[in-house]
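Right, one structure below, let's go through it.
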Amino acid sequence: MTKVTRFAPSPTGPLHIGGVRTALFNYVYAKQNKGKFLIRVEDTDAERSKEEFEENILKGLSDIGINPDEPPVRQSERSELYMSAAEKILDSGNAYWCDCSKETLEEMRKEQEAAGKKPMYDGRSRNLGLKRTNNSVLRLKTPQDGELVFHDLVRGEVIFQNSELDDLILLRSDGSPTYHLCNVVDDFDQGVTTVVRGEDHLSNTPRQIHIQNALGYDSLEYAHLPMVLGQDKKRLSKRNAVTSLQDFFDQGYLESSIINMLARLGWSKGDKEIFYLDDLISDFRIQEVQKAGAIFDPSKLDWINNHHLAALSFDDFKKRLIPFLDALSLDYTQKKNTNEIIAAMRSSKPNLLGVAQDLIPYFSELNSYNEKAANKFLIGSETILEYVQRKLNSIEQWNETSIDNALKEAQTALSLTTPKLNQPIRIAMTGSTQSPSLGLTLSLFSRDEVNNRINAALEYLVNFN
Ligand code: GLU
């Protein structure tokens, strides 16, 4: 049978990377089985669902290359389907109207709690044959004893005691269908065969299977994925990590790196760390997903992004970098050696935003020095700056090798360690102590620019005398 999976986000917030991982595993599982991947927007919670979140979710998935095989469906547009399913369950004798008031339910809960029992609806209206009133809800007649057993591709056999499940509500008193009913009806209507979702939905599964049974639907395949945790081992949230997909894009993490990182959250393949979407489609095995929570480590994402950035051709890298340079208002077009500068700096940071920020001193005037670096290396370095400046002005061919030679000669002549000689010059040129090798750094500037920046540093030092 063709496998059909779906990602079913509730648009109550922007696309979260935990959600992207669920979508990815659904997508990969469908594709590797030559099946279909669908998206369903679960927007029945009218108060919390927002169109802007739906847009953000659909755009994020498409930006990362996870596209559905059919246009997404929206639950808010499918009420009739749920109503007729509710009627079918009622007609088959598997549901009943219940008019227990809020007060009655509250009393029931208190009594159960006082008796040390799990609070749940006790089924008191089950056999009363009540008619619908303005206050009635429709409840499912859930089997009261026995076990509900299902096989989970990740967790193996999962068993729930029916006595732990109460008669859940299918239609609210205002007639609106509940989440469980919509979810089950949609999976059936969309031809879904496999539900891949977060472990937080595990306890919903027996309830949903009871609804399926009441409707005579075929059973589905399930895979409940381990939760994504922050570094503090708590559930990943805005409080312990950057979670919105857009934030990762804004920092210049590549789509392929995010996919790679997410695939490794709860799944591994020997020592292999670098995966592109196509590798996942051939290598991923849902049965190999771990049960334990998966910790999201931002430094691992940096490491992965470094690899994916390094694998880009120069032209691709530059194309990806330009929006970040533009956002910093850097005019990279004025230099003759723009490509050389970008090539020299492309691995300076693990994301494009960091690389673009490191390029500021190359594509704009230097207005300040890193204070700590200046205090440590620049102050008191007048002799070094002047000596090296003279030396550099005596070079015939302005290139990396001849600059390196001049620096070595200066180091010997002044009997200084490499950092003592190099750091003041580096700070004078870039404002900080971080740059590629000094010969390369200097060669990225014209000799005039080097002279101007060393002069500016000397002027700055006048204030410290
Ligand atoms: N709408 C649910 C959520 O956003 C997902 C339900 C499901 O995958 O079955 O958590």
Side-chain angles (χ1 to χ4, degrees), residues 3-30 35-58 60-61 66 68 70 72-79 81-82 85 150 152-155 158 160 168 170 176-212 215 217-228 235-238 243-245 262 265-266 286 289 293:
K3 303 268 187 205
V4 180
T5 65
R6 79 328 187 248
F7 177 53
S10 306
T12 54
L15 185 57
H16 178 285
I17 53 163
V20 185
R21 188 195 56 162
T22 303
L24 173 68
F25 284 15
N26 271 291
Y27 179 86
V28 169
Y29 187 70
K36 265 200 291 190
F37 166 71
L38 307 176
I39 295 182
R40 172 172 80 235
V41 181
E42 299 206 319
D43 59 351
T44 46
D45 182 342
E47 248 167 58
R48 292 174 59 222
S49 298
K50 299 237 155 53
E51 225 173 280
E52 65 189 89
F53 294 138
E54 178 185 321
E55 272 165 30
N56 172 285
I57 293 169
L58 298 180
L61 290 174
I66 301 180
E70 287 172 13
V73 300
R74 215 171 273 122
Q75 286 187 329
S76 56
E77 292 165 1
R78 296 157 63 86
S79 316
L81 217 64
Y82 314 131
F150 66 91
D152 188 279
L153 293 166
V154 173
R155 316 183 72 83
V158 183
F160 282 89
L168 65 87
L170 298 170
S176 62
T178 56
Y179 156 72
H180 288 302
L181 177 64
C182 303
N183 188 279
V184 168
V185 170
D186 281 331
D187 280 340
F188 174 77
D189 181 73
Q190 293 188 282
V192 169
T193 61
T194 313
V195 171
V196 180
R197 61 186 175 189
E199 191 199 316
D200 48 338
H201 288 285
L202 192 65
S203 60
N204 292 335
T205 305
R207 298 169 174 282
Q208 295 176 351
I209 292 177
H210 282 310
I211 303 177
Q212 285 161 17
L215 283 161
Y217 295 166
D218 284 342
S219 43
L220 304 177
E221 211 175 29
Y222 289 94
H224 288 89
L225 306 174
M227 291 284 98
V228 181
R235 210 172 142 170
L236 193 75
S237 74
K238 267 189 260 172
T243 56
S244 119
L245 180 64
L262 291 175
L265 281 180
I286 201 146
V289 170

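Ligands are counted one by one from 1 in listed order, and the atoms in each one are counted from 1 as well.
Judged by distance alone, the side chain of Asn26 and the main-chain N or O of Thr22 form a donor-acceptor pair under 3.5 Å. With Thr5 contributing its side chain and Phe37 its backbone, the two residues share no donor-acceptor pair below 3.5 Å. Side chain of Asp152 to main chain of His224: a donor-acceptor pair is present (N/O by atom type, distance under 3.5 Å, no hydrogens or angles). With hydrogens and angles ignored, the 3.5 Å screen pairs no side-chain donor or acceptor of Ser10 with any backbone N or O of Asp43.
Contact annotation: Asn183 has at least one heavy atom less than 4.0 Å from an atom of ligand 1. Residue contact check for ligand 1: Tyr179 places a non-hydrogen atom closer than 4.0 Å to it.
No donor-acceptor contact under 3.5 angstrom links the side chains of Gln190 and Arg6, judged on distance only. Between the side chains of Gln208 and His180, at least one donor N or O sits under 3.5 Å from an acceptor N or O.
For the pair Pro9 and ligand 1, the shortest N or O to N or O distance does not fall below 3.5 Å.
In this comparison of His201, Arg6, His180, the heavy atom closest to atom 8 (O) of ligand 1 sits on Arg6.
For ligand 1 and Ser10, the ligand atoms under 4.0 Å from any heavy atom of the residue are 1 (N), 2 (C), 3 (C), 4 (O). Close approach of ligand 1 to Glu42 is summarised as follows: ligand atoms under 4.0 Å from at least one heavy atom of the residue are 1 (N), 2 (C), 5 (C), 6 (C).
Counting only heavy atoms of the protein, atom 5 (C) of ligand 1 lies nearest to Ala8 O, 3.2 Å.
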